[in-house]
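In what follows, chains are A, B, ... by sequence order, proteins preceding strands, each numbered from 1. The shown structure was predicted, so the numbers you read here are calculated from the model rather than taken from an experiment.
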4 protein chains.
Amino acid sequence: MTESVGVRRAQAQRTRCGVLDAAAAVFVDQGVQAPVRDIAERAGVGVGTIYRNFPTRAELVTAVYRHQIDACAALAPRLLAESDSPFTALGRWLDAFVDFLVTKHGLGAALGSGDPGLENLHALMLDTLLPACESLLDACADAGELRPGVTAYPLLRAVGNLCITGPDYDRAVARRMVELLLAGCRAER
Amino acid sequence: MTESVGVRRAQAQRTRCGVLDAAAAVFVDQGVQAPVRDIAERAGVGVGTIYRNFPTRAELVTAVYRHQIDACAALAPRLLAESDSPFTALGRWLDAFVDFLVTKHGLGAALGSGDPGLENLHALMLDTLLPACESLLDACADAGELRPGVTAYPLLRAVGNLCITGPDYDRAVARRMVELLLAGCRAER
Amino acid sequence: MTESVGVRRAQAQRTRCGVLDAAAAVFVDQGVQAPVRDIAERAGVGVGTIYRNFPTRAELVTAVYRHQIDACAALAPRLLAESDSPFTALGRWLDAFVDFLVTKHGLGAALGSGDPGLENLHALMLDTLLPACESLLDACADAGELRPGVTAYPLLRAVGNLCITGPDYDRAVARRMVELLLAGCRAER
Amino acid sequence: MTESVGVRRAQAQRTRCGVLDAAAAVFVDQGVQAPVRDIAERAGVGVGTIYRNFPTRAELVTAVYRHQIDACAALAPRLLAESDSPFTALGRWLDAFVDFLVTKHGLGAALGSGDPGLENLHALMLDTLLPACESLLDACADAGELRPGVTAYPLLRAVGNLCITGPDYDRAVARRMVELLLAGCRAER
DNA sequence: AATGAATGAGGCTTCATTCAT
DNA sequence: CATGAATGAAGCCTCATTCAT
């Protein structure tokens, strides 16, 4: 009896993961505004299942990106330890962030859209990425490598915006633009 | 007879302008994907009138922004003549561009959306703003003030993206980020 | 003064004819349900002018075909006089009718549609073509060439229906089918 | 679990049938171009249900008539076996076809409309009725009862057209006209 | 009498969301 | 828990018709 409950829970967990995978894939293809039914189909479940697990679209979007966001945040201290200078670490970390954003296209637009239902995601990113970014910026500032007044939140938002790609403005271009922005953040010598 | 036709035409022209004003206002509130009916209501006309004057949404969007785009483009040579250095002129011109984009927020998102059908607008901006920006960049390059490899199109797209504002990321922040990007475009000494 | 009234009337008459010509042409291209605006454009007038002259679509349709209907009716006595036998005359007359119907495609469908607003046209055809057809049938009956029980009205309706053409069922096929129907109407020997 | 799914499917099937019945009824009243909403209302369902089951109007129309078309086609060999002569069988079969067409009046018009998108229906009729008719015609030809050059497709189209009924041109008249057409198809002795 | 701008009803279609099984 | 059929609001667009000039 207790066991069967465990089995059921495990099954539910697997369903949930399947939905997340499907949603991630569909978001790549169609953006975060993709029809719920498309996600359900890709996951091989009914739409009701999506709604049970993620009553709002924002919750789904948030859940989809939580893992990657966590991974990205966890990267910061590692890069800081590995790199020659804090500023180099910051550059590498932003590269990773760009990769994350550009791969999941539609996310950048979603973040920038000001959609009130996406505040969860926004909050999530703030909660995890902001501290990570701040730690890097602090290190840069301590090393005298950072132009004064550069703060984490606007920087992340700016990078997020720069990663809204399209035809003629692809990942490579986005990276280049982030590079330029970063160059502008370096303390003048 | 001829006169009354003229009167009618004038009235139609006024209607058309009313639609453009309404559309501009609604675009600010809701973005360029706002329902046609909302625009019609704000303009105090029927939806049919919108469709009569602007058969496709792209034509409406384009018309809404055409004047301001033209004005912005015309600013480039003037600033170039007035300013101490080409790079200063570029900075001022981008400020004007930012003002334009931020005021009409939704335009940035529209440009970044990759929505086919908005290619008219895209083309319009390329046709008018790209040459303006290029003239400034060329002048900067001639003066040795520009980091090699910075070109007009990605720069405009990037600035457009940086101007997608929201709560906690307003016009002032956007300006600041564009400033940093621009700083990154300056040739290192 | 009286003259200028005459001039105005003549002008109005010309306008009316222009509309009729345009409508006829548009009906050939798009059928009798073509948008009023298309007709107005083709005629080079405003839609208001159409409505002034032909308050209902049925009146316009009727007017468009009146001349040709009259001509077709007038053909009957001529063919009867020219032909070897009344049945031959009937065949030729139906050929002319088929040509009329098929050329103005959409008319057949219109007649068969049972559209209550097209009863004028229906009445017109009855008033003019029915007597013509009856005269031919009577002559055939007198000559003993007609299967008993064949009457004008159903025959005209049937021919009208047979002339609803489409891809893979064109004028030539329609003619052939009318021929077969006619063959079925000939008295058995 | 499996059972409840079965119940749901059965319910869905009943809904589907209800839609088909409603559509058939509405088509009789208003023709196959009737507004989707009218069909939905008559069926007591939402418009979405119509679109779920029949994404295009053509699919709906096709489904509505499929059963009867199949039944009609299946009649051909039976009549051929039962009847004295192939030509008699052909006559009886066309009678059945006429009954089918006249009862669902709107079908004839649909077939004759040339509306693209209704090609499914067209194809369906070709696929099922054409071979049936051809088998009868072949038998007639073998028996020397058929006028040379009479083929199935135009004949079916012609009969379809003859069955576009209206006031003063009802089922009985349509039958009579088809009889005459058929008489014209009989080989002359 | 002619014009054509404006209107808005009406039809189409999509999809987020609910709920009975 | 999962399902997916059903719903209907919401957008889109077309065009018949009116009416001020």
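In this structure, D:Arg9 does not reach the F:dA5 phosphate: none of its side-chain N or O atoms is under 4.0 Å from OP1 or OP2. OP1 and OP2 of F:dA16 both lie 4.0 Å or more from every side-chain N or O belonging to C:Arg37. Distances shorter than 4.0 Å separate none of the side-chain N or O atoms of A:Arg16 from OP1 or OP2 on F:dC1. A close approach under 4.0 Å does occur between a side-chain nitrogen or oxygen of C:Arg52 and OP1 or OP2 of E:dA1.
For the pair B:Thr49 (side chain) and B:Val45 (backbone), a donor-acceptor distance under 3.5 Å is absent. Within the 3.5 Å criterion, the main-chain N or O of A:Ile50 finds no donor-acceptor partner in the side chain of A:Arg16.
Comparing atom distances between the C:Thr49 side chain and each of E:dT17, E:dT3, F:dA6 picks out E:dT3 as nearest. Side-chain atoms of A:Tyr51 lie closest to E:dT18 of the nucleotides E:dC12, F:dA6, E:dT18. Considering only side-chain atoms of C:Ala12, the nucleotide from E:dG11, E:dT14, E:dA2 that sits closest is E:dA2. Which of F:dG11, E:dC12, E:dA2 sits closest to the side chain of C:Thr15 comes down to E:dA2. Side chain of D:Arg8, nearest nucleotide from F:dA16, E:dT3, F:dT3: F:dT3.
Residue-to-nucleotide proximity on DNA chain F shows that, of B:Asp38 and D:Gly48, the 5′-proximal contact is made by D:Gly48. Judged by closest nucleotide on DNA chain E, C:Gly46 is the one of C:Gly46 and B:Gly46 placed further toward the 5' end. Residue B:Pro35 is the one, among C:Pro35 and B:Pro35, whose nearest nucleotide of DNA chain F lies closer to the 5' end (criterion: closest heavy atom).
In this structure, F:dA9 forms a base pair with E:dT14, meeting either the Watson-Crick or the G-U wobble geometry with both donor-acceptor distances under 3.5 Å. Pairing for E:dA9 is with F:dT14, a Watson-Crick or G-U wobble pair whose two hydrogen-bonding atom distances lie under 3.5 Å. E:dA20: Watson-Crick or G-U partner is F:dT3, with both key distances under 3.5 Å.
Among the atoms of the strands shown, only primed sugar atoms or phosphate atoms (P, OP1, OP2) are found under 4.0 Å from some heavy atom of B:Gly44. A:Val47 comes within 4.0 angstrom of a nucleotide base, judged by non-hydrogen atoms across all strands.
Between the CD atom of C:Gln33 and the C1' atom of F:dA16 there is a distance of 12 Å, rounded to whole Å. A straight line from CD1 of D:Ile50 to C1' of F:dA5 spans 13 Å, rounded to a whole angstrom. If you take CG of B:Leu60 and C1' of F:dC13, they are 15 Å apart, rounded to a whole angstrom. Between the CZ atom of C:Phe54 and the C1' atom of E:dA2 there is a distance of 14 Å, rounded to whole Å. Atom CG of B:Asn53 and atom C1' of E:dG4 are 12 Å apart (whole Å). Whole-Å rounding puts the A:Gln30 CD to E:dC15 P distance at 9 Å. In this structure, D:Glu41 atom CD and F:dT7 atom P are separated by 12 Å, rounded to whole Å. One atom, CD1 of D:Ile39, and another, C1' of E:dC12, lie 12 Å apart when rounded to the nearest Å.
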Margin query: Run A:Phe27 and A:Val61 through side chain to side chain contact (heavy atoms under 4.5 Å, CB included) and show every step you take.
Written below: CA-CA 9 Å; A:Phe27 289 169; A:Val61 174; 3.9 Å; yes
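Looking at D:Leu60 and D:Val19, their side chains come closer than 4.5 Å, going by heavy atoms from C-beta outward. Here the side chains of C:Arg57 and C:Val36 are in contact, with some heavy-atom distance below 4.5 Å.
Checked for salt-bridge contact, D:Arg14 and D:Asp21 miss the test: no charged N lies under 4.0 Å from a carboxylate O.
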